[in-house]
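Down below is the structure, laid out as structure tokens.
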Amino acid sequence: MDTHLLQATHFAAIKHAGQRRKDPQQTPYINHPIAVAHVLWKEAGVQDVPTLQAALLHDTVEDTDTSFEEIGSEFGPLVRQIVFECTDDKSLPKEERKRLQIVNAPHKSNQAKLVKMADKIHNLRDLQKTPPEGWTLPRVQTYFAWARQVTDGCRGVNPQLEAILEGIYAGEFEYEGMKYRCIA
Ligand SMILES: Nc1nc2c(ncn2[C@@H]2O[C@H](COP(=O)(O)OP(=O)(O)O)[C@@H](OP(=O)(O)OP(=O)(O)O)[C@H]2O)c(=O)[nH]1
Ligand SMILES: [Mn+2]
């Protein structure tokens, strides 16, 4: 048992307590960071502990009251740096944040690229099954096309994750009982 991973899981669980995903079942939010770390370990063979810790923590600053200072003092400068690279600047308008994810992806560290790809894999798999409440068909299609631009910028660090993403983009998603291609 790696105590560093347990520490990050515990920290994220407390920070995301009470938060829910946007799916109709309102899945507890903590399922998402745990799934992202699980994709890295189980499906991509990632064993680097700081990367797995950053996966568990990747939405704490963006979506809770957590500061980068707190991450640094609990988990050290490397984990703080990876989480920083995976955190959008919420003071910017949404369109600008989306554009920056595409532009910045190729310049991120290998560890941040791994977390970004696994994050998108989990969100896209969720999206393939059931879209978040209120998402229109064009919104779902736009998300697939945008995610592909982001993950294309993360290539070259893990063939397994790239293969999973290729499979998703080549596949279909379900929307109100109909099937559509993920990338038109
Ligand atoms: N597919 C899916 N996504 C959900 C669900 N619940 C919450 N999300 C989150 O919604 C975000 C995508 O929705 P958007 O409309 O693009 O972003 P927004 O949250 O800023 O409005 C993702 O955030 P993110 O992790 O910051 O990733 P990203 O926006 O950088 O991709 C994802 O984690 C769900 O049930 N299904
Ligand atoms: Mn996420």
Side-chain angles (χ1 to χ4, degrees), residues 8-9 11-13 15-41 43-44 46 51-66 68 71 79 82-108 111-154 161 164-165 167-169 171-176 180 182-183:
T9 307
F11 183 95
K15 291 298 191 173
H16 289 296
Q19 292 182 342
R20 302 279 167 164
R21 298 280 286 170
K22 299 172 185 166
D23 58 317
Q25 300 95 312
Q26 300 191 305
T27 306
Y29 198 86
I30 189 63
N31 284 34
H32 167 65
I34 292 174
V36 172
H38 190 260
V39 165
L40 289 174
W41 168 70
E43 299 185 63
V46 173
T51 303
L52 297 171
Q53 285 178 295
L56 291 162
L57 298 165
H58 81 273
D59 277 330
T60 55
V61 177
E62 199 170 293
D63 295 335
T64 80
D65 65 4
T66 309
F68 290 118
I71 300 280
V79 173
I82 305 166
V83 172
F84 176 76
E85 292 182 80
C86 296
T87 301
D88 282 0
D89 181 351
K90 280 274 183 91
S91 71
L92 298 173
K94 184 165 168 170
E95 285 314 307
E96 177 66 357
R97 283 190 268 131
K98 296 270 168 196
R99 189 187 71 80
L100 285 174
Q101 282 206 33
I102 299 170
V103 172
N104 292 337
H107 309 292
K108 293 195 185 295
Q111 289 159 308
K113 284 177 180 167
L114 293 172
V115 176
K116 296 279 307 172
M117 285 195 284
D119 184 21
K120 291 292 183 280
I121 285 169
H122 189 244
N123 285 338
L124 293 169
R125 282 174 171 168
D126 271 359
L127 207 48
Q128 278 182 305
K129 281 179 276 169
T130 15
E133 297 264 84
W135 281 35
T136 61
L137 180 58
R139 182 161 179 190
V140 176
Q141 289 166 322
T142 303
Y143 191 92
F144 277 105
W146 167 77
R148 184 163 76 158
Q149 289 183 273
V150 178
T151 58
D152 277 356
C154 296
L161 294 176
I164 293 167
L165 286 161
I168 291 171
Y169 299 133
E172 294 179 328
F173 68 89
E174 215 172 287
Y175 188 91
E176 292 181 355
Y180 299 85
C182 293
I183 299 291

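Please read all numbers here as calculations on a predicted model, not as lab measurements. Read the numbers this way: they start at 1 and go in the same order the structure lists the ligands and their atoms. Any value given below was found using the heavy atoms of this structure, including those in side chains, with hydrogens, waters and symmetry copies removed.
- One of the N, O or S atoms belonging to Asp59 lies under 2.8 Å away from the Mn ion (ligand 2).
- When each of Lys98, Arg97, Arg99 is paired with Leu92, the side-chain contact (heavy atoms from CB on, under 4.5 Å) condition holds for Arg97 and for no other.
- Remark: Gln25 CD is packed, more than 12 non-hydrogen atoms of other residues, nucleotides or ligands lying under 6.0 Å away.
- Taking the six-membered ring for Trp and the full ring otherwise, Phe144 and Tyr169 have centroids separated by 6.0 Å or more.
- Look at His122 and the Mn ion (ligand 2): no N/O/S atom of the residue is under 2.8 Å from the metal.
- Between Phe84 and Phe68, the ring planes lie perpendicular to each other; the angle is over 60°, past the 30° to 60° tilted range.
- Distances from the Mn ion (ligand 2) show that His58 has an N/O/S atom below 2.8 Å.
- By the criterion of a heavy-atom distance under 4.0 Å, the side chain of Asp119, and not its backbone, is placed next to ligand 1.
- Contacts with ligand 1 closer than 4.0 Å are made by no heavy atom of Lys129, backbone or side chain.
- Close contacts between ligand 1 and Lys120 involve ligand atoms 28 (P), 30 (O), 31 (O) [criterion: under 4.0 Å to a heavy atom].
- When each of Asp126, Asp23, Leu137, Val140 is paired with Pro131, the side-chain contact (heavy atoms from CB on, under 4.5 Å) condition holds for Val140 and for no other.
- Close contacts between ligand 1 and Trp135 involve ligand atoms 13 (O), 14 (P), 15 (O) [criterion: under 4.0 Å to a heavy atom].
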